[in-house]
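Lettering of chains follows the sequences in order, A, B, ..., and the numbering in each one begins at 1. Values below: all heavy atoms of this structure, side chains included; hydrogens, waters and symmetry mates excluded.
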Amino acid sequence: MDSVHDLGGKQGFGLVRFTQGAPVFHDDWELRANALYVLAVRRGIFNMDEYRHAIERMEPRHYLAAGYYERSLTGFAALCVEKGVVTREELEARAGGFFPLTLPLGPGRTNAPARVRFQPGARVRVKEEYVSGHVRMPAYIRGKTGVVVRESPPYPFPDAHAHGVKAENEPTYDVRFRAEDLWPNAADPADVHAAVFQSYLESV
Amino acid sequence: MDSVHDLGGKQGFGLVRFTQGAPVFHDDWELRANALYVLAVRRGIFNMDEYRHAIERMEPRHYLAAGYYERSLTGFAALCVEKGVVTREELEARAGGFFPLTLPLGPGRTNAPARVRFQPGARVRVKEEYVSGHVRMPAYIRGKTGVVVRESPPYPFPDAHAHGVKAENEPTYDVRFRAEDLWPNAADPADVHAAVFQSYLESV
Amino acid sequence: MSERHQSPAPVKARVAAIEQALEERGFPVAESIKEFTTLAEEKWIPENGARVVARAWTDQAFKQRLLENGRAAVAELDLAMPVHHRHLVVLENTPTLHNVIVCTQCSCTAFSIIGLPPDWYKDFEYRARVVRQSRTVLREMGLDLAPHIDIKVWDTTADTRYMVLPVQPPHTVGWSEQELAKLVSKESMIGVARL
Amino acid sequence: MSERHQSPAPVKARVAAIEQALEERGFPVAESIKEFTTLAEEKWIPENGARVVARAWTDQAFKQRLLENGRAAVAELDLAMPVHHRHLVVLENTPTLHNVIVCTQCSCTAFSIIGLPPDWYKDFEYRARVVRQSRTVLREMGLDLAPHIDIKVWDTTADTRYMVLPVQPPHTVGWSEQELAKLVSKESMIGVARL
């Protein structure tokens, strides 16, 4: 979905607040929230694609206001409610107030019916597709052309897997783009590599 | 700039909180903030393009967290500081705390050197341009093809006018796009009309 | 992360701070607020646009002039627009066409004609969604357009301004201009309602 | 507008709420938190990746295996990756090439090898900017790359994981694997530092 989570190449952000040896957690609740979602994944309550998409479905203002672990907590709690493990009412009663969750899940889609096997060196285009559900194609490569570097082991197709739709495994390709093609005259020259699912690609 | 302000077509937002006869202002400070920026524009402290761009330069988290009038206040105050009318220190001393302003102004650009005069009915493409400064081309029409409906009176080129760069007046074209072309398979069918500056357009 | 951000001073304190700073430098702050209040409450009101619509419904020649050059036509009714609004495009609804206005990048409107924009018009939901999901959003807002009615969305991406000319309700044919003007809401001139 | 939004319950109260709800349904919450704490603090640590790097610096054959199949090679050092990380791609820096890792859509990393991601890696600034302004962002972060060094940015858009293999500092040639491993920081394996 074309939402605020898809940050690659977005402008208006300031300096990275970088420190050497920066902490992973700032508070005990962050570690606990992380542990809880890991528990839920292990128990098979949801898979990683459902989890990522649940975070993407957060209300955009909340997504941007929340830190990483609050986003994790929100996606995790939303899925627990959607999967019938708990109710929102119970969570809000226990929390003593509003427990923001996410916008509802929409329909997913299956792997592309016809997919091309690419060889290293092949020029490929990322299809000009607008996917309203989960998609792992960052918007900055949509419609752009790159070169296949190698093929990775197959993964479940996330656009299906995040939506409870039957997901076939398919390869991802390491595709090399030029930053100057992605953002002409408005990027530092560099190679940008993305792992692109086969369903997102077409031959040039 | 490709920042969060450019909302057209973004997904993840919920229902419009619509009421009949909805208020324009919810509090006296909103009206006062609006009056102050109007005063500043009248006094020539800044122009409307500088004002719009100042709001776009707000830190993205602040932009999304703030309501309309807080965004207006922030852009207006940032320009008053940048133009040397007041200092941030004075504002913070008077406000008794942090007064968030905006990211610094970057370079602008001039009108396109070669521009085409289009006639109604002409098919035109919005150039695939990535403009890091102010631009009034919403990202959803970038690279897209539409049909010229009519020519409007000339306006100062905003990409220059917002940056203190010499801005020639140029026509804007009422360009008709199909929502199905802008977001294939992921939009309600409709005509979408935008007013597009001549510098942003090329012949098909 | 948000916890590493500083909390701003209350917004009222920030407004007061810049008010005082400008006042101290000799800007006519109090007068400007008073003047703006009058404009906002008494001048930039949807009753202006309603008069325009009622005139267009009852005077074919005016309607033609309005559709050709909105800015000049509204001046006939002593209605002014700010200098930077150089063009007013009037969008005529028909039984098979519906127009709706938005400003996706900020919240521009022909405020001196149709009134200052209501809160929802300035909200992210409306700005983000109505260009891409026009029929769905209008339905959610209470306007369920029949499938044979086409939609045109107008994004205010320059200083050209728009207003929608609604379809006159058939039962009001023959009413006076004054009576007709009372029917016309701000919502109908933005295009999120039909009359 | 924000003033029309409800304020959430404090985040700690929300974490406690779902903890209690799961506990009451028989989920092993306390054990899971304890186990995760051990993993986070003792197992998923950059010392793992540092051992991999030191081995690669001192053992050409291992380095070749590592570059060919990272997941299999790190297993030789008894390092495991989660099942869904099906591929570890090791990115070799050279005197004229610098690699840097990001996840623009969430914050994926090879956390069992290079350690859990630090705060700035998960922040919007890094996610948004490093793909588009790589050299500028690295310079702001203290890594001012000479113009002859090319940059490759790796966006973690699938469950393939990446780690950077830094250039061995010339003065450390001949050091023991243990000594070398102490040089290797998490930052250097993400690619925001050179050693």
Participant: What is the minimum heavy-atom distance between S132(A) and M1(A), and which atoms define it?
Facilitator: O-CB, 3.4 Å
Participant: Can you tell if the side chain of F76(A) reaches within under 4.5 Å of the side chain of L79(A), non-hydrogen atoms only?
Facilitator: no
Participant: Within this structure, what is the CZ-CD distance for the pair R115(B) and E170(B), rounded to the nearest 0.5 Å?
Facilitator: 4.5 Å
Participant: Please identify which of these residues, R57(A), E50(A), H134(A), meets the side-chain contact (heavy atoms from CB on, under 4.5 Å) condition with L105(A).
Facilitator: R57(A)
Participant: So which residue, G106(A), G143(A), P60(A), ends up with the most heavy-atom pairs under 4.5 Å with chain B?
Facilitator: P60(A)
Participant: Run through V131(B), D6(B), V126(B) and flag the one making a side-chain contact (heavy atoms from CB on, under 4.5 Å) with M137(B).
Facilitator: V126(B)
Participant: Measuring from atom CZ of F157(A) to atom CG of D49(A), what distance do you get when rounded to the nearest 0.5 angstrom?
Facilitator: 10.0 Å
Participant: Could you tell me which non-hydrogen atom of S203(B) sits nearest to which non-hydrogen atom of V116(B), and how far apart they are?
Facilitator: OG-CG1, 3.8 Å
Participant: Name, in order of residue number, those residues of residues 176-200 of chain A that have a heavy atom at a distance of less than 4.5 Å from a heavy atom in chain B; otherwise write 'none'.
Facilitator: L182(A), W183(A), P184(A), A186(A)
Participant: Taking every heavy-atom pair that is under 4.5 Å apart, which of M58(B), E56(B), K144(B), H5(B) has the most such pairs with chain A?
Facilitator: K144(B)
